[in-house]
Amino acid sequence: MAKTYDVAVIGAGPGGYVAAIRAAQLGLSTVCIDGWKNAKGKPSLGGTCLNVGCIPSKALLESSENYERAQHKFADHGIEVTGLSLDIGKMQARKSKIVDTFTTGISLLFKKNKVDSMHGMGRFVGTGDGGYRIEVAGDGTPEVIEAKHVVIATGSLPRPMPGVTVDNKIVCDNIGALSFGEVPKRLGVIGAGVIGVEMGSVWRRLGADVTILEALPTFLAAADEQVAKEAFRQFTGPLGVKIYTGAKVASVTTGKSSVTVEYADREGVRHVTEFDRLVVAIGRVPNTAGLNAESVGLKLDARGYVEVDDHCATNLPNVYAVGDAVRGPMLAHKSSEEGVAVAETIAGQAGHVNLDTIPWVIYTAPEIAWVGRTEQELKAAGVAYNAGQFPFIASGRARALGETAGFVKMLADATTDRILGVHIIGPFASELIGEAVVAMEFGATSEDIARIVHAHPSLSEAVHEAALGVGKRAIHI
Ligand code: FAD
Ligand code: NAD
């Protein structure tokens with residue numbers, strides 16, 4: 001007889017493992033099924049985020065920023081560094097240790113919360129007395145379990161580029177880009193999205209000559225235009241990354257130790273460029289092909305996303321889907337919050353995620369973060385707004401840090417003063433955006449933030465001053 005659960009979660013990324021823990025906390029018998037294997041061929045929980053996404057990329061970002069500081073910034077503080085050297089092996093080992101700590105940490109959290117963990121790929125194989133039947137194909141004989149409720153959290157995969165084969169040695173996706181054993185002399189990147197600029201800046205800081213080819217005529221189209229413009233200036237100026245927008249890649253030819261990319265620039269001029277490594281980062285697609293969706297009539301849309309309503313419910317009773325496998329931004333915190341909401345819904349509580357207040361962060365230097373609507377979106381929608389802006393160059397704390405590039409911009413409704421969007425490019429933008437998210441969730445006005453005391457000297461004063469600026473009463477500019 002198949003083992004029966006209240007809840008089966010398929011996928012143990014930030015959507016799935018969080019859903020499983022929350023379901024178990026609420027007293028539901030829960031199993032989490034995950035098929036991920038790491039580079040050593042071992043099962044590793046945590047999905048894309050922990051294994052080959054958020055966590056390893058941020059570990060390398062920090063290492064590369066430290067190298068950059070030691071090389072170029074310490075001298076300003078009167079700290080002389082001689083004999084500086086780079087041990088990429090050690091840097092990668094540090095990254096892997098951080099990843100291992102967190103992935104094994106999930107196993108411990110599962111034990112603590114009494115979540116059963118099964119390794120293998122899960123797929124629907126019909127229904128039985130105990131609910132949905134799911135076959136789990138791991139290293140041994142496939143097993144079948146049954147569950148009254150199913151949470152699909154199978155995440156996403158890199159979007160393949162037609163005619164380009166990723167070998168993760170010379171032509172890489174995010175997995176290869178996080179694992180280079182040495183700094184490539186010439187690094188090409190296709191796609192100036194989040195992965196392209198994050199990975200491009202890591203390897204640039206470590207010494208690579210980086211060229212990014214972007215198909216769209218615009219740079220970071222989802223960001224506020226003014227922020228995107230400042231980011232472009234910073235990345236192509238002080239950082240020294242070459243970014244070509246409006247570039248059409250015609251062919252990618254992989255050789256023994258290099259790769260040749262043929263592309264037309266925005267004027268249509270043909271270029272043929274050789275790189276030592278190429279990263280292809282042109283977006284991600286939902287990972288739903290292995291679910292055997294048709295066996296139970298689960299509805300996927302034309303692009304392979306599981307179709308869900310505002311509460312992550314699919315077309316099947318008691319089947320939910322969360323995270324990168326469904327509509328909305330592909331962000332770890334969005335996946336996790338949907339996981340919590342779904343577990344609480346299954347347990348009879350009210351679960352909901354407000355997609356309008358999901359913070360976005362791009363972990364470059366300077367960092368970029370935003371929540372809510374951009375100026376161009378407000379203009380297109382005909383919404384009247386007031387804007388307040390404060391540059392970090394006028395912040396005492398930013399000066400002390402030596403990180404003065406960028407600004408905070410707050411947008412508030414012209415009639416009600418309610419905050420509609422906050423856009424930051426600058427130091428610790430990822431931390432500063434938290435205040436803006438809280439403010440928007442509580443329906444705050446710019447005046448609310450303007451009247452709150454912010455510690456001095458702190459970067460949060462820039463958010464305060466931007467709020468004051470909405471009412472044309474900023475003090476320090
Ligand atoms: P995933 O993390 O993709 O997890 C899905 C899991 O399900 C995987 O383990 C997969 O193997 C497993 N699986 C799939 N199909 C099956 C099946 N049939 N049976 C069993 N298991 C299955 N987001 C941020 O918010 N901040 C960041 O800084 C950030 N950095 C990133 C950097 C990179 C390089 C990349 C690639 C992504 C980054 N992201 C970041 C995005 C983030 O990683 C994803 O949004 C997040 O991991 C999605 O979580 P998920 O649980 O939906 O799916
Ligand atoms: P992306 O959607 O951010 O960017 C892809 C870029 O590639 C776009 O600018 C697109 O116009 C461009 N592009 C598409 N086809 C192209 C082509 N043929 N030639 C040249 N350019 C082309 O995707 P990504 O950078 O691959 O990242 C995937 C997702 O992972 C992101 O959308 C994000 O949700 C998530 N992610 C988040 C973070 C973070 O939160 N800090 C970090 C990394 C990844």
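Just so it is clear, the model here is predicted, and its values are computed rather than measured. Ligands are counted one by one from 1 in listed order, and the atoms in each one are counted from 1 as well.
Side-chain contact check for Asp34 and His119: no donor-acceptor pair (N or O, by modelled atom type) lies under 3.5 Å.
Heavy-atom proximity to Met330, at under 4.0 Å, picks out these atoms of ligand 2: 33 (C), 34 (O), 35 (C). Taking every heavy atom of Ile190 and a limit of under 4.0 angstrom, the matching atoms of ligand 2 come to 19 (N), 20 (C). Residue contact check: Arg284 has heavy atoms under 4.0 Å from atoms 28 (C), 29 (C), 30 (O) of ligand 2. Those atoms of ligand 1 with a heavy atom of Ile33 less than 4.0 angstrom away are 20 (C), 21 (N). Listed by number with element, the atoms of ligand 1 under 4.0 Å from a non-hydrogen atom of Lys58 are 27 (C), 28 (O), 29 (C), 30 (N). Heavy-atom contacts of Val361 reach the following atoms of ligand 2: 39 (C), 40 (O), 41 (N) (cutoff under 4.0 Å). Applying the 4.0 Å criterion to heavy atoms of Ser57 picks out, from ligand 1, the atoms 32 (C). Atoms of ligand 2 found under 4.0 Å from any heavy atom of Tyr363, numbered from 1 in the order shown, are 41 (N). Within ligand 2, counting atoms from 1 as listed, the ones closer than 4.0 Å to a heavy atom of Glu198 are 39 (C), 41 (N), 42 (C). Counting atoms of ligand 2 from 1 in the listed order, those under 4.0 Å from a heavy atom of Leu213 are 20 (C), 21 (N).
Counting only non-hydrogen atoms, the option in Pro162, Gly193, Cys54 that gets closest to atom 6 (C) of ligand 2 is Gly193. Of the options Thr48, Leu45, Ile10, Ile175, the smallest heavy-atom separation from atom 1 (P) of ligand 1 is shown by Thr48. Looking at Ile282, Ile368, Thr364 and measuring to atom 15 (N) of ligand 2, the nearest heavy atom belongs to Ile282. Taking all heavy atoms of Ala281, Gly191, Ala332 into account, the minimum distance to atom 5 (C) of ligand 2 is reached by Ala281. Nearest to atom 5 (C) of ligand 1 by heavy atom, out of Ala153, Gly11, Ala281, is Ala153. One option in Ile195, Leu216, Val280, Thr218 has a heavy atom closer to atom 25 (O) of ligand 2 than any other, and that option is Ile195. For atom 42 (C) of ligand 1, the candidate residues are Cys54, Gly35, Ala19, Gly53; the nearest heavy-atom contact is made by Cys54. Compare Ile362, Leu331, Leu61 by their heavy atoms: the one nearest to atom 40 (O) of ligand 2 is in Leu331.
The N/O atoms of Tyr363, backbone and side chain alike, include none that comes under 3.5 Å of an N/O atom in ligand 1. At under 3.5 Å, a nitrogen or oxygen of Met330, whether backbone or side chain, sits near a nitrogen or oxygen of ligand 1. At least one N/O-N/O distance between Gly122 and ligand 1 falls below 3.5 Å. Considering backbone and side-chain atoms together, Ser335 places an N or O closer than 3.5 Å to an N or O of ligand 1. Of the polar atoms of Gly15, at least one N or O is found under 3.5 Å from an N or O of ligand 1, judged by distance alone. Among the atoms of Ala332, some N or O lies under 3.5 angstrom from an N or O of ligand 1.
Of all the heavy atoms of Ser156, the ones lying under 4.0 Å from any atom of ligand 1 belong exclusively to the backbone. Contacts with ligand 2 closer than 4.0 Å are made by no heavy atom of Leu220, backbone or side chain. With a 4.0 Å heavy-atom cut-off, ligand 2 is reached by the side chain of Met161 but not by its N, CA, C or O. Under 4.0 angstrom from ligand 1, the non-hydrogen atoms of Val52 all belong to its backbone. With a 4.0 Å heavy-atom cut-off, ligand 1 is reached by the side chain of Arg284 but not by its N, CA, C or O. The proximity of Leu331 to ligand 1, defined as any non-hydrogen pair under 4.0 Å, involves the side chain as well as the backbone. Residue-level proximity to ligand 1 for Pro14 is carried by backbone and side chain together, each with a heavy atom below 4.0 angstrom.
Rounded to the nearest 0.5 Å, atoms CE (Met199) and CG (Leu61) are 5.5 Å apart.
Atom 45 (O) of ligand 1 has its closest protein heavy atom at Asp324 OD1, 2.9 Å. Scanning the protein heavy atoms around atom 20 (C) of ligand 2, the nearest turns out to be Ala215 N, 3.3 Å. The nearest protein atom to atom 9 (O) of ligand 1, hydrogens excluded, is given as Asp34 OD1, 2.7 Å; this is a heavy-atom distance. Atom 9 (O) of ligand 2 has Glu214 OE1, 2.7 Å as its closest protein atom, hydrogens excluded (heavy atom only).
A salt bridge (charged side-chain N to carboxylate O under 4.0 Å, His left out) with Arg205 holds for exactly one of Glu68, Glu65, Glu62; it is Glu65.
In this structure, Glu182 places its CD atom where only 12 or fewer heavy-atom neighbours from other residues, nucleotides or ligands lie under 6.0 Å away.
The salt bridge (Lys or Arg N to Asp or Glu O under 4.0 Å) search around Lys3 returns Asp116, not counting sequence neighbours.
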TODO: Apply the test side-chain contact (heavy atoms from CB on, under 4.5 Å) to residues Val194 and Tyr363: give CA-CA distance (whole Å), side-chain angles for both, the deciding distance (0.1 Å), then the verdict.
DONE: CA-CA 8 Å; Val194 194; Tyr363 292 86; over 6 Å; no
